[in-house]
Q: 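Encoded as structure tokens, here's the structure I'll be asking about.
Order of the sequence lines fixes the chain letters, A, B, ..., with proteins taken first and strands second; residue numbering starts at 1 for each chain. All values below were derived from every heavy atom in this structure, side-chain atoms included, with hydrogens, water molecules and symmetry-related copies excluded.
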2 protein chains.
Amino acid sequence: MKKEYHIAVVGATGAVGAELLRVLVASGRSAGKTVQFHNEPVVVEELGENSFDKIDIAFFSAGGETSRRFAPTARKAGAVVIDNSSVFRMDPDVPLVIPEINGQDVKQHRGLIANPNCTTAVALMAIYPLHRAFGIRRVFAASYQAVSGSGARAIAELKSQVEAAAEDRQSPARVYPHPIAFNVLPHVDVFLEGGYTKEEMKMQNEGRKIMHLPEFRASVTCVRVPVYRAHSVAVSAEFEKRVSVEQAREVLAKAPGLELVDEPLQNRYPMPLTVAGKDNCEVGRVRIDCALDNGLAFWVSGDQLLKGAALNAVQIAELL
Amino acid sequence: MKKEYHIAVVGATGAVGAELLRVLVASGRSAGKTVQFHNEPVVVEELGENSFDKIDIAFFSAGGETSRRFAPTARKAGAVVIDNSSVFRMDPDVPLVIPEINGQDVKQHRGLIANPNCTTAVALMAIYPLHRAFGIRRVFAASYQAVSGSGARAIAELKSQVEAAAEDRQSPARVYPHPIAFNVLPHVDVFLEGGYTKEEMKMQNEGRKIMHLPEFRASVTCVRVPVYRAHSVAVSAEFEKRVSVEQAREVLAKAPGLELVDEPLQNRYPMPLTVAGKDNCEVGRVRIDCALDNGLAFWVSGDQLLKGAALNAVQIAELL
């Protein structure tokens, strides 16, 4: 028996929304489902209270403001909201879910489920299976984040700055505070009081909630790099138990949603160019951490529009 | 009284050699000195045993092979060799010197002084003053390394790949094993048995020697990024003593060869684009590390052709 679902995608014209539609349609996951577009937040506003009538699942990916304003409307109308913004993630009544890690948390939803931060999701895809095997205590991480994480305008900004450089002229920085072409910016999201950015604290805060590990510590530096698509994260991780590279590789090779790409002598390791467009995240450069006693260093890359956003949201919907 | 020095630059046509000449000449540091060029290793070979007659200081920056072959010749002829390659750095008879840190080690030279690895030099410019104040134990670091670190051919490779991308064609990877344009490569220098690269182990190995700290631990991931010039490093550092951001900023602001650029709310932090061409390294994003008890996280950028190579070599020569 085929059940029919009515789905709304709020923010369908954005970078994540486009991927959401692609994942829903192209992968055949939406067979028998009716996809309904609300391209502009304004349109949603005009539709008002009735926008979500007969909608079963509403994907929100139009920024925090839209989620804050319209998620309650969608819930009231009986839709389950899967929200890609950070607005509700730390709300104790809202499950924050990576299906491969805490899929069972979906059951506790009250009409709203949050999708995690993209860099956090990519890193946890490797951290969590290692945690299951060795018990994670803390991580030190530095990210290499693609401009598509800032949306379509950021992609255009990198492109126009690179073109301008080829002609020895300058193209202004608008999305970012400084040029991103041929530069790296240690600045993703807004700065908080202690000097970390909001983005940097997400791995610790969201990681604790997703892994059910209130003691988990994560010190992260988030950096925007001139890459169009896919985030990478360099990780040093400390565990409770003794680890070996062989055991770690075995664990990672079996982990769902993850591929072990770790043949450095053949120049094989995860990279944004090769992981872009792939559902699975990739992990490699696995080695015993030389500054930790029970530690591993490794490198994860993942398409942050897919596992970090659209794919994960659709996977949550599938759990419902 | 003005003393005249005769100087040889081996590898003067390379990226570092060009900077060496610029630092020597443009800064007026070479006033009264005679600069003598040996543009090609072949020329040096032809000149043979007599190449370094009457030379006081010979800068070597033409790769490990040239240093290995011709540094002994230069020494025998009475020149003091300042070598930018990694060949002699860990030799216990060879001082490895960053003048701001262990300038006094120059005195022990036996005709050869080694210049440190560029990423190590940039990171230590911030790590060492903090060590003096708080006692460094270990660091976790991830680098964002510019293509100029691989020489002029790598600069051309990034340029041609970016141009090709603008015309929707591909330009082959020759210097690097994969495209560097719009990509990041967790691969700098060759892989060692344990899974680290040679480059990654330099911060621990050279850091121990330069700071006279045999217990210093450093877990590093070295990553090539599509930036033309200047390396950056994200660092988490653990100290013996309690640290505060205020004390750390004070120490860093006073450190020689370093500038504190740390006003995140005004979007001021070190970046490759702004530090390129500058003698001083820059440090910012200073914050209490949230995964360490006595720890700081920070971000350093520096022109690796200057402090990481040419400038440091000339500073060593000035100590002689």
Q: Just give me the residue among A:Val245, A:Ile288, A:Val286, A:Val223 that pairs up with chain B most often, heavy atom to heavy atom, under 4.5 Å.
A: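 Ranked by contacts with chain B, first place is A:Val223.
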Q: Should we count CD of A:Glu240 as having more than 12 external heavy atoms under 6.0 Å?
A: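 Yes.
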Q: Is it the case that atom CD in A:Glu215 sees more than 12 heavy atoms from other parts of the structure closer than 6.0 Å?
A: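 Count not over threshold, so no.
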Q: Counting a contact as any heavy-atom pair under 4.5 Å apart, which residues of residues 137-150 of chain B contact chain A?
A: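 When heavy atoms of chain A are the reference, residues 137-150 of chain B contributes B:Arg138, B:Val139, B:Phe140, B:Ala142, B:Ser143, B:Tyr144 within the under-4.5 Å range.
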Q: Only pairs of heavy atoms separated by less than 4.5 Å count here; which of A:Pro272, A:Ala234, A:Ser236, A:Pro186 has the most with chain B?
A: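 Ranked by heavy-atom pairs under 4.5 Å with chain B, first place is A:Pro186.
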Q: Need one label for B:Tyr196: side chain, backbone, both or neither, based on atoms under 4.5 Å from any heavy atom in chain A.
A: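 For B:Tyr196, backbone and side chain are both near chain A.
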Q: Between B:His178 (side chain only) and A:Asn267 (backbone N and O only), is there a donor and an acceptor less than 3.5 Å apart?
A: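 Yes; at least one donor-acceptor contact below 3.5 Å.
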Q: Taking all atoms of both residues into account, what is the closest heavy-atom pair of B:Cys290 and A:Ser219, and its distance?
A: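 Scanning both residues completely, I find the closest heavy atoms to be SG-CA, 3.9 Å.
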Q: Sub-4.5 Å heavy-atom contacts with chain A: which residues of residues 291-300 of chain B show up?
A: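 Residues in range: B:Ala291, B:Leu292, B:Asp293, B:Ala297, B:Trp299.
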Q: Checking B:Leu273 against chain A: side chain, backbone, both or neither under 4.5 Å from a heavy atom?
A: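 For B:Leu273, heavy atoms of backbone and side chain both lie under 4.5 Å from chain A.
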Q: Between B:Thr197 and chain A, which part of the residue has a heavy atom less than 4.5 Å away: side chain, backbone, both or neither?
A: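 Both parts, heavy atoms under 4.5 Å.
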Q: In the structure I gave you, are the side-chain heavy atoms of A:Pro264 and B:His187 within less than 4.5 Å of one another anywhere?
A: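 Heavy-atom side-chain distance check fails, nothing below 4.5 Å.
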Q: Contact part of A:Val235 toward chain B, heavy-atom cut-off under 4.5 Å: side chain, backbone, both or neither?
A: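 Interface part for A:Val235: neither.
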Q: With salt bridge (Lys or Arg N to Asp or Glu O under 4.0 Å) as the rule and sequence neighbours excluded, what pairs involving residues 199-208 of chain B come up?
A: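 Residue pairs with at least one partner in residues 199-208 of chain B: A:Arg285-B:Glu200, A:Arg287-B:Glu200, B:Arg89-B:Glu206, B:Asp189-B:Lys202, B:Glu199-B:Lys202.
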Q: Under 4.5 Å from any heavy atom of chain A, what part of B:Val184 do you find: side chain, backbone, both or neither?
A: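 Both backbone and side chain.
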Q: Does CZ in A:Arg169 sit with more than 12 non-hydrogen atoms of other residues, nucleotides or ligands closer than 6.0 Å?
A: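 Enclosed: over 12 neighbouring heavy atoms sit under 6.0 Å from CZ of A:Arg169.
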Q: Under 3.5 Å, side chain of B:Tyr228 to main-chain N/O of A:Asn183, donor-acceptor pair present?
A: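 Side chain of B:Tyr228 to backbone of A:Asn183: no pair is present.
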Q: If you look only at pairs with a residue in residues 259-275 of chain B, which of them pass as a salt bridge (Lys or Arg N to Asp or Glu O under 4.0 Å), with sequence neighbours excluded?
A: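 Salt bridge (Lys or Arg N to Asp or Glu O under 4.0 Å) check on residues 259-275 of chain B returns B:Arg249-B:Asp262, B:Glu259-B:Lys278, B:Glu263-B:Arg268.
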Q: For B:Thr221, is it the side chain, the backbone, both, or neither that has a heavy atom closer than 4.5 Å to a heavy atom of chain A?
A: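 Contact with chain A involves both backbone and side-chain atoms of B:Thr221.
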